[in-house]
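Remarks on the structure that follows.
All residue numbers in this chain count up from 1 along the given sequence.
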Amino acid sequence: MDARLRSRIEIETLHELLPVLNYYRLLGLKNDCPQGDVDSAFRQESRRLHPDRHLAGAPVEFRGKVNDVFKAVNDAYRVLRDPDQRARYDQELLMGELKMAEESRKAAEADAAARNDPSKAARTPAAEKYWKLALQCWQEKNYNG
């Protein structure tokens with residue numbers, strides 16, 4: 001498989017999983033890993049998922065996904081590198097209250113809602129024009145339209 005296609009599929013999959021991944025999983029760590037492993041895991045993931053590696057010639061919707069994934073990796077590092085924040089995060093994970101930062105969760109939910117909205121399915125102005133006409137014909141039960 002082409003390396004670009006493989007990385008694109010990986011980023012799209014990660015983007016879909018952001019609401020359910022915790023910070024440890026996002027960085028590829030175990031929950032009980034030593035503090036020193038956080039830095040190296042972040043460096044590895046940030047190099048691999050950095051937007052500059054994936055944005056050349058990418059469609060607009062993919063650019064947003066790359067940026068969301070990279071922001072989540074940075075959020076994970078910001079929390080896990082500080083022992084106090086990490087301890088609080090671990091407690092919240094044990095209680096089942098927290099998966100991702102509230103901002104990341106809201107952004108993922110908004111993206112999922114937009115994806116499921118049929119009126120937002122078109123990606124270009126021309127496609128939007130024809131999509132709206134098709135939706136109108138569908139509502140009027142004009143299946144020849």
Side-chain angles (χ1 to χ4, degrees), residues 1-33 37-82 85-145:
M1 180 185 297
D2 180 31
R4 284 188 180 187
L5 178 61
R6 186 177 61 240
S7 66
R8 183 175 178 159
I9 291 170
E10 182 181 12
I11 287 173
E12 288 179 350
T13 304
L14 274 173
H15 186 265
E16 289 178 20
L17 294 174
L18 281 180
V20 295
L21 286 177
N22 65 39
Y23 288 154
Y24 292 103
R25 288 178 144 183
L26 190 59
L27 293 179
L29 296 169
K30 293 183 180 181
N31 288 15
D32 60 349
C33 69
D37 290 354
V38 174
D39 290 331
S40 60
F42 169 71
R43 277 190 236 104
Q44 180 181 358
E45 291 301 306
S46 65
R47 268 194 308 266
R48 190 172 65 83
L49 299 171
H50 196 279
D52 289 347
R53 293 184 60 151
H54 302 284
L55 294 183
V60 175
E61 66 274 0
F62 182 69
R63 292 176 185 196
K65 291 177 182 180
V66 170
N67 288 328
D68 290 345
V69 169
F70 189 69
K71 182 180 178 201
V73 167
N74 282 318
D75 288 344
Y77 178 64
R78 183 180 40 78
V79 170
L80 296 181
R81 74 176 176 191
D82 180 24
Q85 286 186 12
R86 181 177 176 182
R88 271 181 269 154
Y89 182 77
D90 289 342
Q91 284 298 321
E92 291 171 351
L93 273 179
L94 285 174
M95 295 179 351
E97 295 177 358
L98 182 64
K99 296 288 186 208
M100 296 294 282
E102 191 63 29
E103 294 173 8
S104 299
R105 181 181 297 130
K106 287 179 183 176
E109 288 171 356
D111 184 51
R115 250 186 289 137
N116 292 332
D117 184 7
S119 65
K120 306 234 188 293
R123 290 182 170 80
T124 65
E128 184 176 358
K129 172 184 163 187
Y130 291 112
W131 183 248
K132 286 182 180 179
L133 287 171
L135 286 176
Q136 182 180 1
C137 289
W138 178 263
Q139 289 172 350
E140 295 170 357
K141 299 193 187 292
N142 177 10
Y143 302 119
N144 293 326

Tell me every residue that passes side-chain contact (heavy atoms from CB on, under 4.5 Å) with Glu12, counting only those two or more places apart in sequence or in another chain.
Arg8, Phe62, Lys65
Gln44: partners by side-chain hydrogen bond (donor to acceptor under 3.5 Å, both in side chains), with sequence neighbours left out:
none
Applying side-chain hydrogen bond (donor to acceptor under 3.5 Å, both in side chains) to Tyr77 and not counting sequence neighbours gives Asp39
Should His50 and Phe70 count as side-chain neighbours, where that means a heavy-atom distance under 4.5 Å?
yes
Which residues pass the side-chain contact (heavy atoms from CB on, under 4.5 Å) test with Ser7, not counting sequence neighbours?
His54
Tightest non-hydrogen contact, residues Arg86 and Asp32, listed as NH2-C, 4.3 Å
Is there side-chain contact between Asn31 and Asp90, with at least one heavy-atom pair below 4.5 Å?
no
Give a yes or no on this: more than 12 heavy atoms of other residues, nucleotides or ligands lie within 6.0 Å of atom CZ of Arg25.
no
To the nearest 0.5 Å, tell me how far Asn67 CG sits from His15 NE2.
9.5 Å
Given the rule in the side-chain contact (heavy atoms from CB on, under 4.5 Å) test, do Asn22 and Tyr89 qualify, once you have shown the distances and angles that lead to the verdict?
CA-CA 10 Å; Asn22 65 39; Tyr89 182 77; 3.3 Å; yes
Sequence neighbours excluded, the answer for side-chain hydrogen bond (donor to acceptor under 3.5 Å, both in side chains) partners of Glu140 is Gln136
Residues in side-chain hydrogen bond (donor to acceptor under 3.5 Å, both in side chains) with Glu10, at least two apart?
Arg48
What pairs with Val73 under side-chain contact (heavy atoms from CB on, under 4.5 Å), at least two apart in sequence or on another chain?
Leu26, Leu27, Phe42, Glu45, Leu49
What distance separates Tyr24 OH from Leu80 CG, expressed to the nearest 0.5 Å?
5.0 Å
Test side-chain contact (heavy atoms from CB on, under 4.5 Å) on Gln91 and Leu94; report intermediate values, then the result.
CA-CA 5 Å; Gln91 284 298 321; Leu94 285 174; 4.2 Å; yes
For Leu29 versus Ala41, what's the shortest heavy-atom pair and its separation?
CD2-CB, 3.6 Å
